[in-house]
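Just below is one structure, and these are the notes that go with it.
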Amino acid sequence: MRVLALESSCDESAAAVLDSESGLLAHELFSQIDLHRAYGGVVPELASRDHVRRLLPLVRTVLAAASTTPAQLHGVAYTAGPGLIGALLTGAALARSLAFAWRVPAIGVHHLEGHLLAPLLEAEAPPFPHVALLVSGGHTLLIEVSRIGSYRVLGASRDDAAGEAFDKTAKLLGLPYPGGPQLAELARHGRPGVFAFPRPMLDRPGLEFSFSGLKTAVLRAVRDQEMGEQRRADVARGVEDAIVDTLVAKSLRALEQTGQAVLVVSGGVSANRSLRARLTAAVGARGARVYYPRIEFSTDNAAMIAVAGLARLRAGQHDTLAIQARAQWPLESLPAVAADHPLNETATST
Ligand code: KG4
Ligand code: ZN
């Protein structure tokens with residue numbers, strides 16, 4: 001089975017072609033970072049308008065790169081939520097229309113399920129059941145994953161998401177949008193322990209997070225201070241260490257509470273190298289294993305939407321003719337899928 005997938009939930013327009021036998025045939029992404037930078041964040045209306053311009057050319061590009069004609073496709077997957085409603089609607093309308101014209105089923109994919117299943121594109125796929133740490137710009141979640149589509153949220157952030165904490169503190173340091181990766185880069189030159197920012201909720205039992213206090217702590221540290229290069233790097237290091245420490249400690253706690261021995265880490269913040277290094281060491285020391293998507297598929301992309309869409313289409317699920325887009329969509333409401341991998345072995349062996 002071969003599917004085309006579209007992603008347009010926020011500020012990235014992306015398309016991919018995935019085949020259950022031969023794997024990922026093509027994927028392309030257009031980032032709107034330059035468009036939104038002047039505003040210091042994503043402007044929803046500008047995002048929607050740009051998706052309209054970008055998506056169809058991206059579809060043409062990936063179909064050509066995958067040497068695939070519409071007649072060879074068995075379905076079209078698209079991000080149906082959660083996300084910016086206008087941005088979602090652009091991808092949903094295009095995907096639903098293409099599927100209608102090509103007489104194949106369409107499937108609306110949950111963006112977070114895409115993140116959760118992105119590691120299935122790697123040669124060594126994580127086994128089920130497992131615990132997932134999903135850390136993106138909008139979500140910080142620990143999830144018990146029994147199988148594809150069967151998700152139980154163990155803990156979430158009460159306020160800012162981990163990616164949001166990176167972005168907001170980066171802004172306070174004068175770094176341009178999107179700040180997360182830039183703050184991580186600056187932190188590499190920072191000295192550990194110069195700034196000891198709070199590790200919220202670590203001292204309390206449970207698996208919830210709270211990152212909003214970091215902004216205030218960083219604001220205090222940079223306010224009325226002469227901020228030389230070294231000092232800025234030290235602040236960045238302090239922020240990164242506080243977030244990473246919290247994520248590592250709660251992930252270990254989740255493994256312990258559930259008795260699971262496999263951790264999957266996905267979402268934009270899982271691209272953070274310090275988080276990866278610290279988690280790999282800490283989880284390994286407990287005799288458990290950790291799996292990540294490749295760095296490129298940690299942040300938003302269409303390949304992950306293709307994996308989730310393929311899993312559901314192969315299970316016989318598909319949408320009605322309605323155009324589906326949901327700004328909010330509880331992950332736990334999704335139906336389960338029986339198979340534990342949407343790709344046949346041949347697809348990921350290269
Ligand atoms: O998953 P994603 O691409 O989009 C959402 O679904 O939200 O995640 C984007 C988030 C942003 O907050 C971005 O700053 C953060 O992931 N991010 C990082 C890194 N790369 C992306 N945060 C820390 N370190 C990174 N290397
Ligand atoms: Zn995302």
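Positions are given from 1 along the sequence. Atoms within each ligand, like the ligands themselves, are counted from 1 in listed order. Remember, predicted model here, so these are calculated numbers, not experimental data.
Residue-ligand proximity: Glu185 is placed with every non-hydrogen atom at 4.0 Å or more from ligand 1.
Remark: ligand 1 atoms within the under-4.0 Å shell around heavy atoms of Gly137 are 5 (C), 7 (O), 8 (O), 9 (C), 10 (C), 12 (O). Within the listing of ligand 1, atoms 3 (O), 21 (C) sit less than 4.0 angstrom from a heavy atom of Thr299. Within ligand 1, counting atoms from 1 as listed, the ones closer than 4.0 Å to a heavy atom of His111 are 6 (O). Each of the atoms 7 (O) of ligand 1 lies under 4.0 Å from some heavy atom of Gly138.
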Item to check | CA sep, side-chain torsions, deciding dist, call: Tyr291, His130, ring pair (Phe, Tyr, Trp, His ring centres under 6.0 Å) | outcome: CA-CA 10 Å; Tyr291 294 80; His130 57 244; 8.0 Å; no

Next on the checklist: With side-chain hydrogen bond (donor to acceptor under 3.5 Å, both in side chains) as the criterion, how do Thr140 and Ser157 come out once you've worked through the C-alpha distance, each side chain's angles and the decisive distance to 0.1 Å?
Outcome noted: CA-CA 6 Å; Thr140 304; Ser157 178; 5.0 Å; no

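Minimum heavy-atom separation, Val17 to Leu24: O-CD1, 3.6 Å.
The side-chain heavy atoms of His189 and Glu229, taken from C-beta on, include no pair separated by under 4.5 Å. The closest side-chain heavy-atom distance from Ile305 to Leu6 is not below 4.5 Å.
When non-hydrogen atoms are compared, ligand 1 lies under 4.0 Å from the side chain of His115 (C-beta onward) but not from its backbone. Under 4.0 angstrom from ligand 1, the non-hydrogen atoms of Asp167 all belong to its side chain.
Relative to atom 22 (N) of ligand 1, the option among Ser270, Gly180, Pro178 with the closest non-hydrogen atom is Gly180. Of the options Pro181, Ala271, Gly268, the smallest heavy-atom separation from atom 8 (O) of ligand 1 is shown by Gly268.
A distance-only check finds no donor-acceptor pair linking the side chain of His318 to the backbone of Ile107 [under 3.5 Å].
Residue contacts with ligand 1: Ala184 is placed with no nitrogen or oxygen under 3.5 Å of a nitrogen or oxygen of the ligand (distance criterion only). At under 3.5 Å, not a single nitrogen or oxygen of Glu12, backbone or side chain, sits near a nitrogen or oxygen of ligand 1. Checked against a 3.5 angstrom limit, the closest N/O atoms of Gly163 and ligand 1 fall inside it.
Of the charged side-chain nitrogens involved, at least one lies within less than 4.0 Å of a carboxylate oxygen, so that Glu256 and Arg286 count as a salt-bridged pair. Residues Arg53 and Asp50 are paired through a salt bridge, judged by an N-O separation under 4.0 Å between the basic side chain and the carboxylate. Taking the charged nitrogens against the carboxylate oxygens, Asp160 and Lys168 do have a contact shorter than 4.0 Å, which makes a salt bridge.
For atom 24 (N) of ligand 1, the closest heavy atom belonging to the protein is Asn272 ND2, 3.0 Å. Counting protein heavy atoms only, atom 3 (O) of ligand 1 is closest to Asp300 N, 3.0 Å.
Other residues, nucleotides and ligands place no more than 12 heavy atoms under 6.0 Å from the CZ atom of Arg273.
If you look at His115 and ask which of its N, O or S atoms sits nearest the Zn ion (ligand 2), the answer is NE2. The Zn ion (ligand 2) is closest to atom OD1 of Asp300 (considering only N, O or S atoms).
Between the side chains of Ser210 and Asp159, at least one donor N or O sits under 3.5 Å from an acceptor N or O.
Among the atoms of Cys10, none of the N, O or S atoms falls under 2.8 Å from the Zn ion (ligand 2).
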